[in-house]
Amino acid sequence: MCERTVTAVRGRNRIYTAAAAALLLFAGACGAVREAEKSVFAMDTVVTVKAYGDRCGEAVNAAADRLTELERRLSATDADSDIGRLNAAGSAAVSGDTAEVVSRALELCGSTDGALDITIYPVVRAWGFTTGEYRVPSDDELAAALGMTGYGSVSVNGGTVSVPPGRMLDLGACAKGYASGEMLKAMSELGITSALVNIGGNVHALGSKPDGTDWTVGIADPFSPNELLGKLKISGCAVVTSGGYQRYFKDDAGNVYIHIIDPATGRPADSGLVSVTVIGGDGLLCDALSTALFVMGRERAEAYLRGHGGFDMILVTDGGVIAVTEGIADSFENVSGMPVEIIYE
Ligand code: ADP
Ligand code: MG
């Protein structure tokens with residue numbers, strides 16, 4: 001953690017003129033905001049948290065502790081986590097966090113008609129995405145794995161989650177979004193009003209920058225991921241991108257297989273989109289929808305937006321078109337050479 005502190009002249013002169021007071025305030029506005037930053041590795045990615053104002057050092061530690069706690073509860077690859085125990089036993093008493101994430105995720109599995117499916121784990125595993133030992137499963141193996149999926153079979157009863165024998169949960173598409181929101185909550189409880197969390201590209205802002213202006217979030221160019229597609233100005237919301245370029249492998253023939261699976265086929269999503277960014281106030285919703293809308297493709301994504309609302313999005317098609325919802329069109333600066341279309345709700 002690196003904590004920088006530039007303290008304003010404090011309490012030495014009890015009596016000062018109005019002009020001097022104004023100067024002190026000015027110094028406060030320009031250079032006296034305390035700032036703390038911490039980076040950790042969690043949820044299989046690099047996580048950075050920044051907080052501003054009094055107690056910022058304490059706040060970034062509290063946020064990191066909360067993240068560690070959530071990872072211990074939600075990780076599918078940790079045998080001792082709530083999800084690890086559930087996947088091994090078919091039923092488990094879980095923490096309030098896990099029950100909440102599973103319940104909210106199940107609602108989104110339903111509203112997206114199964115484009116999001118938190119029981120997709122056997123299929124993700126068949127492709128080797130859980131271990132990094134990538135392979136193309138045979139049709140029979142894929143059919144067997146798909147037979148072990150279906151979010152409708154998951155039940156949450158108070159603090160107990162149950163699945164039929166052999167079924168497994170994977171919260172990989174929404175855990176980071178829930179975590180970023182909880183990290184901001186932990187900081188806000190300490191009185192922080194300006195903070196930014198970045199979980200491997202899942203960005204979530206508490207309030208605005210300390211000077212009151214918007215944060216600028218870079219959106220990666222899916223065709224050239226080290227370069228920017230555009231910049232988005234936001235305050236107090238999550239910006240979550242799902243892209244085929246984030247994790248994939250190629251077979252000997254050069255075919256590309258991405259880590260976002262279409263639960264209807266068990267194969268990597270092939271919907272004509274190369275990246276989906278969802279912007280909204282709720283981290284879990286944005287994370288879950290970035291994955292689901294990627295699976296759905298542009299037409300279904302737009303229909304979902306019109307039917308449900310509550311978020312904005314930036315879609316990039318494999319034909320090189322950027323489609324941006326009207327709600328954020330003015331906040332998005334396109335720095336790519338691609339054309340931008342506006343999506344009207
Ligand atoms: P990332 O976590 O890499 O940023 P996503 O949020 O899009 O990307 O989540 C992708 C992860 O979610 C995959 O690695 C896999 O574990 C899981 N997953 C893949 N396809 C689906 C799906 N259709 N529904 C739910 N989870 C999925
Ligand atoms: Mg996601």
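Excluded from the calculations below are hydrogen atoms, water molecules and symmetry mates; all remaining heavy atoms, backbone and side chain alike, are included.
- Rounding to the nearest 0.5 Å gives a distance of 13.0 Å between OG1 of Thr130 and NE2 of His259.
- Looking only at atom types and distance, the side chain of Thr193 has no donor-acceptor partner in the side chain of Tyr52 under 3.5 Å away.
- At a threshold of 4.5 Å between non-hydrogen side-chain atoms, the residues Glu71 and Thr68 do not count as touching.
- At a threshold of 4.5 Å between side-chain heavy atoms, the hydrophobic network of Ile, Leu, Val, Met, Phe, Trp and Tyr places Val101 and Val278 in one connected group.
- Between Arg104 and Asp282, at least one side-chain nitrogen of the basic residue sits less than 4.0 Å from a carboxylate oxygen of the acidic one, meeting the salt-bridge criterion.
- Listed by first and then second residue, the salt bridge (charged side-chain N to carboxylate O under 4.0 Å, His left out) pairs that reach into residues 262-273 are Asp139-Arg267, sequence neighbours excluded.
- Hydrophobic side-chain contacts under 4.5 Å tie Met168 into a cluster, directly or through other members, with Tyr121.
- Applying the ring-ring contact (aromatic ring centres under 6.0 Å, His included) test to Tyr257 and every residue at least two apart in sequence or in another chain returns Trp127, Phe249.
- Between the side chains of Asp97 and Ser95, no donor-acceptor pair of N or O atoms lies under 3.5 Å.
- Of the possible polar contacts, none joining the Ser224 side chain to the Asp221 backbone as a donor-acceptor pair under 3.5 Å is found.
- Listed by chain and number, the residues in a salt bridge (Lys or Arg N to Asp or Glu O under 4.0 Å) with Asp117 amount to none (sequence neighbours excluded).
- Legend: residues meeting side chain to side chain donor-acceptor pair (under 3.5 Å) with Ser162, ordered by chain and number and at least two apart, are Ser91.
- Side-chain atoms of Asn255 and Lys250 include no donor-acceptor pair closer than 3.5 Å.
- Taking the salt bridge (Lys or Arg N to Asp or Glu O under 4.0 Å) definition, one finds that Glu182 meets it with Arg66, Lys185, sequence neighbours left out.
- Under the side chain to side chain donor-acceptor pair (under 3.5 Å) criterion, Asn334 pairs with Ser336, sequence neighbours left out.
- Among residue pairs with one or both ends in residues 305-331, those qualifying as salt bridge (charged side-chain N to carboxylate O under 4.0 Å, His left out) are Glu302-Arg306; sequence neighbours excluded.
- Between the side chain of Ser81 and the main chain of Asp78, a donor-acceptor pair closer than 3.5 Å is present.
- Residue pairs satisfying the salt bridge (charged side-chain N to carboxylate O under 4.0 Å, His left out) criterion with at least one member in residues 224-243, sequence neighbours excluded, are absent.
- Side-chain atoms of Arg167 and Thr119 include no donor-acceptor pair closer than 3.5 Å.
- In this structure, the side chain to side chain donor-acceptor pair (under 3.5 Å) partners of Ser235, at least two apart in sequence or on a different chain, are Asp214.
- A salt bridge (charged side-chain N to carboxylate O under 4.0 Å, His left out) check over residues 125-137, counting only residues at least two apart or in different chains, returns the pairs Arg135-Glu141.
- With sequence neighbours excluded, no residue satisfies side chain to side chain donor-acceptor pair (under 3.5 Å) with Ser103.
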